[in-house]
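Sequence lines set the chain letters: A, B, ... in the order given, protein chains first and strands last, and positions in each chain run from 1. The basis for the numbers below is simple: all heavy atoms, side chains too, and nothing from hydrogens, waters or symmetry mates.
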Amino acid sequence: MANADCIIVQGSNMAEAHPVGFQWVMEAKARGARIIHVDPRFTRTTANADKHVPIRAGSDVVLLGALINHVLTEELWFREYVQAFTNASTIIDERYQDPEDLDGLFSGFDPETGRYDPASWAYRTAQPADPSHAHDDASRGETAGAGGPPLEREPVQRDETLQDPRCVLQILRRHYARYTPEMVEEACGISREDFAYLARSIVENSGRERTTCFAYAVGWTQHTGGAQFIRAAAILQLLMGNMGRPGGGVMALRGHATIQGSTDIPTLFNLLPGYLPMPMAGTHDRFEDYVESIGTKTQKGFWADAETYAVNLLKAWWGDAATPENDWAFDYLPRLTGAHGTYQTMMAMLEGKVDGFFLLGQNPAVGSADGRLQRLAMSHLKWMVVRDFSMIESATWWKEGPEIESGELRTEDIGTEVFFLPAANHTEKAGSFTQTQRLVQWRHQAVPPPGDAVSELQFLVELGNRIRERLAGSTDPRDRPLLDLTWDYPIDEHGEPDPESVLREINGFHVSGPDAGRPLSSFAQMRPDGSTAGGCWIYAGVYADGVNQAARRRPGQEQDETAAEWAWAWPANRRILYNRASADADGRPWSERKKYVWWDAEQGRWTGRDVPDFPVTKEPHDEGDPEAGGAAGLSGSDAFIMQSDGRGWLFAPSGLVDGPLPTHYEPVESSIPNPLYDQQANPTRVSFRSDLAMNAPGVDGLGGAAEVYPYVFTTYRVTEHHTAGGMSRFLPYLSELQPELFCEVSPELAEIVGLEPYGWATIVSPRSAIEARVLVTRRMRPLPIAGRTVHQIGLPYHWARGSEAVVEGDSVNDLIGLNLDANTQIQNSKVTACAIRPGRRPRGPALAELVAEHQRRAGIDADTGDEKVTIPPPAQRRVHVPGEAPAPPTEDPTEEEDR
Amino acid sequence: MGLPSEHEDTGAGAGWGHSHERKGFFTDTSICIGCKACEVACKEWNRNPQDGDLEILGSSYDNTGSLGANTWRHVAFIEQDQERIEQARESGRRLVGLGMPGIGPRSGADAPAGAGGCGSGCGSRPGADGEPGAADRTPPDTPEFRWLMSSDVCKHCTRAGCLDVCPTGALMRTEFGTVVVQSDICNGCGTCVGGCPFGVIERRDDGTISAKGDRGRVEQDVPHHGTANKCTLCYDRLVDGQTPACAQTCPTTSIRFGDRADMVDEAASRVRQLHDRGMTEARLYGANGNDGVGGTGSVFLLLDEPEVYGLPPDPQVPTAQLPAMFRTAGIAAAGMIAATALAFLGGRR
Amino acid sequence: MSRFSPLEWPVLRQLRGADPLGRGSAVTSARTRATTPRTATADRVVRSICPYCAVGCGQRIFVKDDKVVQIEGDPDSPISRGRLCPKGAASEQLVNFPNRVTTVRYRAPHATDWQDLDLDTALDMIADRFLEARRAHWEDLDEKGHPLRRTMGIASLGGATIDNEENYLAKKLFTAAGAIQMENQARI
C-alpha cells in the first residue's frame, strides 16, 4: 500500500481495526498519496485521510457503478490493459438479459426456488453448452470452490473492436448507464462535488505511471449483496488497470489472527483445504463428476488440475486406504445438500436436530447476529464444549445471560451440559497463522500451558484417539473413514503433538518413488496417481526441503520491500497475485516507476521484484496450446491464471449466484425504495422464517409502520477492543480505555429524539432492545436520500452481559436479524432498522414487552420482508428519474389478501 | 534538592559529564491515529495498575482523562468544526508573523527530508517543491470537521519544577537528561505534585478501584504504592540502549524518540512542511528554550492552541522566581535584623 | 546487599563529585544504579505473532523462569517494524490475566453452577457424546437415494483464532466422522 498514489478506504475503518497495517497508508501519504475514506462515519481513519466521503451504508454499488459508468462514458479507462488482460471483448450468450431489461433481475431467475440458472450468462460458443454440466443443486455458491464453476474450453467468441452490443464491455456500459452522479447523490447522499473529487482522484492516479488501491473489510462483506460490492471494486480496478500492480489492487482487510488460514484450511462447511469444494449429494456422487465440476482438464489455468489437488488431499487423509481402485476413498467424504452455515445450523438447533456443539475460540452469544436466537438455540443442545481462555458469555449464558435476566429462560430448566476446557494461548503452543495477505508465519512456543490448558492440537488428537479407540474393530462401513484416517502424529513428553509434522502433511510429500518421504517444494510436483500426498495444495512449498519456510525471519531491514525471506506466502511465496499484469502485453513494465515483474528476453524468463505469478518461461507472445488445458493452455498474456479463460472477469459468467454484474439492491430493512429498479432487495438472499428473526417492514411499511423503526444503525469495531470481547473485555488495560457501550448520533438526531450527551439511550429493533451511553458528535451526519433524511446511528459491538469480564454492557448483535448473502451466507450487520429513545431499557419481562409492542405497532410477522421478487406486473412498472420523488410503491393485490 | 541555575545544562549540571546526549520525545500529533497503543505499552512495561472507575468519561473517545500516578501516556481527542479550524489556522499565522521558529526562508539544506517531501506529481499539494521564500502559503480547502488526537506525556522539563522542590533527592536528573523518581527513596511527601506546572506527577493510591455498580472492587498488585509516580522515559530501557515502550509501539511514529537536538530539528522541519501546505495551525510546544520551563524534553507538534489539548499555554517552573524571592527575603531579613539591632542599640539608654 | 560505605553517603557524594547540587549522579540509590530492563535479564526470547487481528505483527516474547514477563513488537518484521496496537501491546496481560481459567469446568444438565472435572474424564465423556450424537442423527442417503454419509447431530464453530494446523486436524477429524456443520468467524 505504501506504493499507492491514491488509497480508497471503503467498507473499512483501517486505522482502528488494523492500526499497525495503517502505517503503510501513512507511508503512502508521506510520499504524497491521496487518502480518501468513504464511510458512514468520520472515524480515526478519516482523521488521517485527506477527504471524507460520507455514504449511506449499503449503497456502495451505486457509487462504484457510477465510477464504472464515469470511466467508461468519458473513455478514461486503461484501454491497453483492458484489452490485454480482461474479458472485455468476449461475447455473451444471446439469451442474456440484464436488470435494465428485467427491472432489476437477470435472466434465468426462478421465483419458485429463488435461484438463478446462469446458463444465459455464459460466453457464447460455437456449440451449445453441454447440458450435463448444468447444475440443479440447491446451493450453487458452495459447489464451486474459488475459481468458479468450469467453462468448457470451446473457443470463445470475441470482438476486439469492443463494439458488438453483446460483448462484455458494451454490456457493462449498458448495465451501469443509469448509475450517474445524480443517482449517487440521491441514493448514497454523496454530493456531485464529492463524487467528482473521488472520480478525479482515481482517474488521475491510475494508468501506466500511477496506481490506486482499494482497501475494504466487513463494511462490504456484511451485506446481502456483499460479494457484489467487492466485485464492483474489482471491475473498476480492472478497467483502470490497477490489478496485479504495486500499490494497486483490492486489499481485503480480514480481522482475526488466522482467519485467512481458517478459510484456506477451512473449518468451513462448504470447503475442503485449498478451496476444493465439499461434494454435493446428487451432483458429485462420483469422483469424476466432482472433479469435472471444479475444473475441466481442457480449461486454461490452474484449476484444470483439480483432480490432482483432490487426489493429494484424499491421499493425505486416508493414506494407504486411498487407492486408484476406490477413487482415492472419495466416498469417505460426507455430502452437502445445501447451505449448512452457522445460521442454518442454529435454526436446526432450535428444532432439536443438533445434539452437540464445539466452540473453538469463538463467542457466538455475542459475535453472531441475533444473539437471542443464538442463546436459545444453545439451550436446545444436549451438550456443548467451550474451549477458550476465560468464561466467555457463550459458556455462561445458561447462568447469567440476557434470557436469564429477562426471565425468558430459567437456569434449572436448561438441560444443556457444558464442558469448559481451558485453552493454551499463542505463547504456549507452536503453530502457524496466515495473515490477511496470505503470509504464513510460524510462532514458536515460549512457555508450557498451565494447569489443564492444552492446545487445540492436543485436544483434537486426543479426541480423535478416543473416538478411534471406541470404534476399533467395528465392521460398520460408516466407521471406515475414521478408522482409516491417517492419525499418527508424533507426541512429545508433555503429550503435545508436533505441529511441524502437521505442517509437513499440509505441505505435501512424496509417498513413493525415489523421493519417498521428502516434502514437496511446490504444487507443480503433485501427481494424480497416488505417488504424492498433500493436505492443502496452495500451501505446497511452505515446508520445502524439509525447512519450515513460515519460520524464516530474515530481518526486514536487510531485505528489499518485498521481503521475500520473511515467512512464506501462498502460493509459491508470491506476494502480489496476478503480477504478470504489472507488465504490458509485450512483457515490458508499464512504466519505470511501477516496475514489478517483467520478461527478461535474454534469460527467457519472467523476473522482477516478486515471484512471478505466471509460468516462468512462458514468453509474452506465446499463444497457448489450444489442445491443452491448465498452464500449457495459457497464452503469454493470460495474467489471471486461475480463471478458466485466463482473463480478468469484468463480467462473471459463473461463480456468483446473484448475477454476473454487481447491481444495486436495497438492504432488507431499508425504507428507501430502490431508485434504480422495482426489484427492491437482492432476490437470492437467504432469510429465515422465524419469530426470532422478524424483519422491520422497510419500504412495505411506508406510512405508519415505517415510523416504528425510523432510523438505521450500523455496527463496527473500535481500536481498543477485539471482536466479541473475549480477548479484550477481560483485560483491565483494554477495558479501561473503552469501558462502556456507547452509540454515536448526530446532533440533529439527538435533538429530534431528545438524547443527552453522555446520557443513556435505548435502541429497539424487531429482535431485541439494548441500552447504550450516547455520544453526540458531528462525526455522524444525517444524509439526504431520495428526498428524505436518513439518520444513521453507530454502535460498536464488543460488549456483553456477564460477571466474569472487567466491563460489561448489552450485546449489540442481539438487535440484528438474519438476512444472508447467498454467495457467502454472511449476515447483513451494516444496515438495521431501529427506534431510539432516551433513557435506560426496561429489565425483566418488561424488556420483551417493549420489543413486542414495537413489533405489534409495525404489524410485522415472520414473513415480513421475505418476499423475494418485488417487481409489479408490467402495466404498473415505473421508470425512475433521479431527483423525482419516487412514486408510491404499487400494492400487489395478492399480497393484500394474504395480509 | 538544590537550586537551579538560570540555564541548566541537564547533563553536565547533574554531574554526568558531557559524554551523554540528552534524550527526548518528539510527538507529532498530526499523524496520531488515536489508537492508545502508547498508553497500553507504557502501562504494560511499567506494570502500572489500571486506572479510573471504568465509566465513560464524557470526552469523546478519551476515557483516561489525564496523566497521573498510574497513567503516564494519555491520548486526548478533540472534535472541531470548521470555525474552530479556521481560528486555529489564523492564530498560527499570527505566531508566524511574530517570527516564531517554524517558518521563514529555506535554504536547500533546510528543505524537508526525502520521506516527507513530495514525489513527482503531487497534485493537490501546493508549494512543497517551491524555491526558498516562494512557497505557496495558500491554505488547502478547509475541511468542515477535524478530529485532533494527541498523546500527552511527562515533559521532562529542562527546568523541572518537581526536581527543584523534591526534599529527599528521590527525583533526579539522569544521564539522559530525563527526570526520574527513585521509588525506593521517595517518602510520598507530595511536594513535587504542586511543583509541576503540567499536573503530571502524582502520588499513587493503594490501587483499589471502585468498579461500576455492584461489581465490587478490583484488587490489583500495585507497586510503589503511596509514592510519587510518573513517566521515567523508560530509564530502564535506555540504560540498555533500547527505545521507550511508547515510541517503539506507536504504529505511525507519531511518537518519536532520539537525541533531543535531533527531535527538535525534526519537529521544526515538520512544522515547515505543514506550513508549506498552508496548514499554518501547526506549531511546536516545548521546543523553545526561552519558555517558562527552559524548553522540554518532550516536544510536541500541535495543530491548535495548547489549551485545546489540555496543556498550559505558558507553563512556568514554580522555582523560576526563587533567586529573586530569596533576594527579596534576604533584603527583608536584613532589614529586620537592622531594625532589631537599631531597636536594641537605641534601647540602651 | 552490598556493603554500605560511608563515602557513598549522598551528601558526601555531592561534595566529592561533579553534582554539588545533589540533583543527579550524587543522589542515585544503589537500586537506581543497578537498573536493568527485564528484557535483558530474560532467560530466552521467543519469536511469535500477535493473536489479535490479521495484520500479523511480529512479537518478541521474553521468558523468565518459565513465565512470560514481556511481550513487545519485533523490529525485524517487515510488516509491523516492531510496532503493536493497544491490543497487541496488551498481549502480556492476555497471557497472564488473573481471570484466566486453567482448570476444566463442568456444568451438569439443569445444574445452577459449575463443578470441577478432571481433563481425562472430560475427554472421555466428550468422546462418548460425540459418537452418540453422530449415531443418533446419522443420514445414509437422501430422499432420492444419493449417498450422504453424514451426521447432522454435531456442529462446530471457531477457527480464526487457532492455528492452521489445528484447523487442519479439526476439519480432518470432523469430516471423517461425517460431521459437516463446521463454521468459523470467516463467515460472520
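- Using a 4.0 Å cut-off between a side-chain N of Lys or Arg and a carboxylate O of Asp or Glu, C:Asp76 and A:Arg554 do not qualify as a salt bridge.
- Chain C forms the most heavy-atom pairs under 4.5 Å with one residue out of A:Ser390, A:Ala446, A:Gly451, and that residue is A:Ala446.
- Within the 4.5 angstrom heavy-atom criterion, only side-chain atoms of C:Phe174, from C-beta onward, approach chain A.
- Proximity of the aromatic rings of A:Phe389 and C:Phe97 is defined here by a centroid distance below 6.0 angstrom, and this criterion is not met.
- Judged by distance alone, with hydrogens and angles left aside, the side-chain atoms of A:Arg335 form no donor-acceptor pair with the main-chain N or O of C:Asp142 at under 3.5 Å.
- There is a side-chain donor-acceptor pair under 3.5 Å between C:Gln59 and A:His426.
- C:Arg81 forms a cation-pi arrangement with A:Trp24, by the criterion of a distance under 6.0 Å to the ring centre and an angle within 45° of the ring axis.
- Among the candidates C:His146, C:Arg105, C:Glu166, C:Arg149, the residue making the largest number of heavy-atom pairs closer than 4.5 Å to chain A is C:Glu166.
- Heavy atoms closer than 4.5 Å to chain C are found in the side chain of A:Gln222, but not in its backbone.
- Counting heavy-atom pairs under 4.5 Å between each of A:Ile506, A:Leu503, A:Thr396 and chain C puts A:Ile506 at the top.
- With a 4.5 Å cut-off on non-hydrogen atoms, A:Ala567 does not touch chain C at all.
- For C:Arg187 (side chain) and A:Thr824 (main-chain N/O), a donor-acceptor pair under 3.5 Å exists by modelled atom type.
- Of the listed residues (C:Leu148, C:Leu84, C:Val63), the one with the most heavy-atom contacts under 4.5 Å to chain A is C:Leu148.
- A:Glu428 touches chain C through its side chain: at least one heavy atom from C-beta onward sits under 4.5 Å away, while N, CA, C and O do not.
- Between C:Asn167 and A:Ser262, the side chains place no donor N or O within less than 3.5 Å of an acceptor N or O (distance only, hydrogens not considered).
- Options A:Val385, A:Leu482, A:Leu359, A:Leu421 differ in how many heavy-atom pairs under 4.5 Å they form with chain C, and the most are formed by A:Leu482.
- Just one residue in the list C:Leu119, C:Asp120, C:Leu117 forms a side chain to side chain contact (heavy atoms under 4.5 Å, CB included) with A:Asp452, and that residue is C:Leu119.
- Most heavy-atom pairs under 4.5 Å with chain A: of the set C:Lys144, C:Glu132, C:Met125, this distinction falls to C:Met125.
- With chain A as the partner, the residue from C:Val55, C:Thr175, C:Asn164, C:Val104 showing the most heavy-atom pairs under 4.5 Å is C:Asn164.
- Only the side chain of C:Leu131 has a heavy atom closer than 4.5 Å to any heavy atom of chain A.
- The aromatic rings of A:Trp317 and C:Tyr168 lie perpendicular to each other, with more than 60° between the two planes, well past the 30° mark.
- Around atom NZ of A:Lys399, more than 12 heavy atoms belonging to other residues, nucleotides or ligands sit under 6.0 Å away.
- In this structure, chain C has heavy atoms under 4.5 Å from both the backbone and the side chain of A:Asp331.
- A side-chain donor-acceptor contact under 3.5 Å links A:Asp355 and C:His137.
- Side-chain contact between A:Glu412 and C:Thr112: present, with at least one pair of heavy atoms (C-beta onward) separated by less than 4.5 Å.
- A donor atom on one side chain and an acceptor atom on the other are found under 3.5 Å apart for A:Thr337 and C:Arg150.
- The greatest number of non-hydrogen atom pairs below 4.5 Å with chain A, out of C:Asp140, C:Ile71, C:Leu141, is found for C:Asp140.
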I'd like to know whether C:Asp128 forms a salt bridge (charged side-chain N to carboxylate O under 4.0 Å, His left out) with A:Arg466, so could you lay out the CA-CA distance, the side-chain angles of the two residues, the decisive distance to 0.1 Å, and finally the verdict.
CA-CA 9 Å; C:Asp128 289 334; A:Arg466 281 160 219 250; over 6 Å; no
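- Looking only at heavy-atom pairs under 4.5 Å with chain A, the residue among C:Asp66, C:Ile79, C:Asn99, C:Ile61 that has the most is C:Ile79.
- With a 4.5 Å cut-off on non-hydrogen atoms, A:Leu483 does not touch chain C at all.
- Both the backbone and the side chain of A:Ala316 come within contact range of chain C, with heavy atoms under 4.5 Å apart.
- Of the atoms belonging to A:Ser455, heavy atoms from both backbone and side chain fall under 4.5 Å from chain C.
- With A:Gln362 contributing its side chain and C:Gly158 its backbone, the two residues share a donor-acceptor pair below 3.5 Å.
- In terms of non-hydrogen atom pairs under 4.5 Å with chain C, the most contact-rich of A:Thr263, A:Asp413, A:Leu333, A:Asn363 is A:Asp413.
- Between chain C and the residues A:Phe22, A:Phe358, A:Trp318, the most heavy-atom pairs under 4.5 angstrom are made by A:Phe358.
- A:Thr486 and C:Lys172 share a donor-acceptor pair across their side chains, judged by distance under 3.5 Å alone.
- With a 4.5 angstrom heavy-atom cutoff, C:Ala89 does not touch chain A via any of its atoms.
- No donor-acceptor distance shorter than 3.5 angstrom exists from the side chain of C:Arg107 to the backbone of A:Trp398, with no hydrogens or angles considered.
- Contact of C:Asp118 with chain A is not made at all, since no heavy-atom distance falls under 4.5 Å.
- The pair A:Lys353-C:Glu139 fails the salt-bridge criterion, with no side-chain N (NZ, NE, NH1 or NH2) lying under 4.0 Å from an Asp/Glu carboxylate O.
- Contact of A:Ala395 with chain C is made through backbone and side chain together, with heavy-atom distances under 4.5 Å.
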Could you walk me through whether C:Glu165 and A:Ser432 pass the side chain to side chain donor-acceptor pair (under 3.5 Å) test, one step at a time?
CA-CA 7 Å; C:Glu165 294 73 25; A:Ser432 66; 2.7 Å; yes
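- Between the side chain of A:Tyr733 and the backbone N or O of C:Lys87, no donor-acceptor pair lies under 3.5 Å.
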